[in-house]
Amino acid sequence: MSELVNRVQPVKVGVEFTVIMPVLNECQILAETYRRVKNVLSALTVDHEILFVDDGSTDGSTDMLHALTRRDSAVRVMVLSRNFGQQAAYTAGLEYARGRAVILLDADLQDPPEVIPEMVREWRNGYQVVYGHRAERKGETWFKRASAAIFYRLLRLVAGAHAPVDVGDFKLLDRKVVEALNRCPERSRFLRGLVSWIGFRQKAVEYVRDARSAGETKYSLWKMARLSIDAFLASSRAPLRVGTWFGAVIALIAFIKRLVEPNDDRSRSPVRESTVFLLHGLGMLCQGLLGEYLSQVYLETQGRPLYIVSQVWGDASPQRYHHRRRSPNPPRPK
Ligand code: UDP
Ligand code: MG
């Protein structure tokens, strides 16, 4: 990996705040989202931009966003060439944002924009990452709440302190943090883990996560499971050691059994069918884990861009297109 050089250029900082919102088919709610975010930002400063990243919408959201750029010069829109996923959309926004502070906000109003001034206060107090901590989650199924609670705790257990519990993508990042994130080249992105890994002075702000007021979640069970698996793989190598531990424990048991029953033969102690299945299952699980890590390595070495921009609207200053590019080190002098 050290042979790969990340060539993302820092963006020229232009405004005080950027709010980045990824959008996938949110036409039912976009007008209200814009209104609430605009109210909050206008009360804070005139010097702001609202950066929507259209992540392959097909429901008319794209046209609505285009119309917004004509109405408000503070609105910028990046249209991605297809759906690349919420984490890639945020990443795209981070690379295009020009604010001295950047706020990540879902476009479905589950995370209330009215919390932003409190985040800004903490930023002005000297914190470089101010993240929203969900004190309560309204209107979500018990399954989503339970799976999220287990997920965050398990992640913390496995990946150490790098993943605060009950924290989503809603956060404010100082320009320094944004530049640091833009230098992280990995394809498999779990921004929450990455942000806590990066360090800097971090502070939590409590808020109540609302129910979606319109539309429905874009995270199917499968997509959620995929994000969780990616989060684990990206945050920790501990699952790789599962095989080592299983192997060690099983070998130890077999060894002790041999000591206790030195004359053990098949007729006296038949190996149960269920034991064979169990051991095979464990073996395959470990192979599967290995495969997951291997596939991550494969994806990383392919080195494709994480997203592709098809259009940018509402950008008055010269545009800076820079996909995350990686190229091998220049040849060493002989
Ligand atoms: N989103 C996106 N691309 C995707 C999935 C979601 O840009 O592939 C956006 C979506 O429009 C919303 C935010 O990401 O603004 C969060 O998605 P969602 O509300 O569906 O996730 P949940 O809150 O249910 O976890
Ligand atoms: Mg949501």
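Both ligands and their constituent atoms are indexed starting at 1 by order of listing.
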Would you kindly specify which portion of K223 sits under 4.0 Å from ligand 1, judged on non-hydrogen atoms: side chain, backbone, both or neither?
side chain

Set out, in order, the CA-CA distance, both residues' side-chain angles and the distance that settles side chain to side chain contact (heavy atoms under 4.5 Å, CB included) for T62 and H66, then state yes or no.
CA-CA 6 Å; T62 316; H66 196 208; over 6 Å; no

Is D106 close enough to the Mg ion (ligand 2) to have an N, O or S atom under 2.8 Å?
no

How far is atom 3 (N) of ligand 1 from the closest protein heavy atom, and which atom is that?
D55 OD2, 2.6 Å

Measure from the Mg ion (ligand 2) to every N/O/S atom of D108 and report the name of the nearest one.
OD2

In the protein, what heavy atom is nearest to atom 9 (C) of ligand 1, and what distance, to one decimal place, separates them?
P22 O, 3.7 Å

Less than 4.0 angstrom from a charged side-chain N to a carboxylate O is my criterion; do E179 and R183 meet it?
no

N, O or S from T217 under 2.8 Å to the Mg ion (ligand 2):
no

In plain terms, say whether D47 and R100 are close enough for a salt bridge, that is, a side-chain N and a carboxylate O under 4.0 Å apart.
yes

Report the part of N83 in contact with ligand 1, treating N, CA, C, O as backbone and CB onward as side chain, heavy atoms under 4.0 Å; options are side chain, backbone, both, neither.
side chain

Under 3.5 Å, is there a donor-acceptor pair linking the side chains of Y90 and D169?
no

Between E300 and R187 (salt bridge meaning N to carboxylate O under 4.0 Å), is one present in this structure?
no

heavy-atom search around atom 24 (O) of ligand 1 in the protein gives T217 OG1, 2.5 Å

For F84, is the NZ or CZ atom of R82 found under 6.0 angstrom from the centre of its six-membered ring and inside 45 degrees of the ring axis?
yes

N-O pairing of D111 and K171 below 4.0 Å:
no

Proximal ligand 1 atoms for R209, defined as those under 4.0 Å from one of its heavy atoms
23 (O)

E26 heavy atoms, cut-off 4.0 Å: which ligand 1 atoms fall inside?
10 (C), 11 (O), 12 (C), 15 (O)

Ligand 1 to A107, heavy atom cutoff 4.0 Å, flagged ligand atoms 15 (O)

Could you tell me whether V23 approaches ligand 1 through its side chain, its backbone, both or neither, with non-hydrogen atoms closer than 4.0 Å?
backbone

Please check this pair: side chain of Q128 against backbone of V177, looking for a donor-acceptor N/O pair closer than 3.5 Å.
no

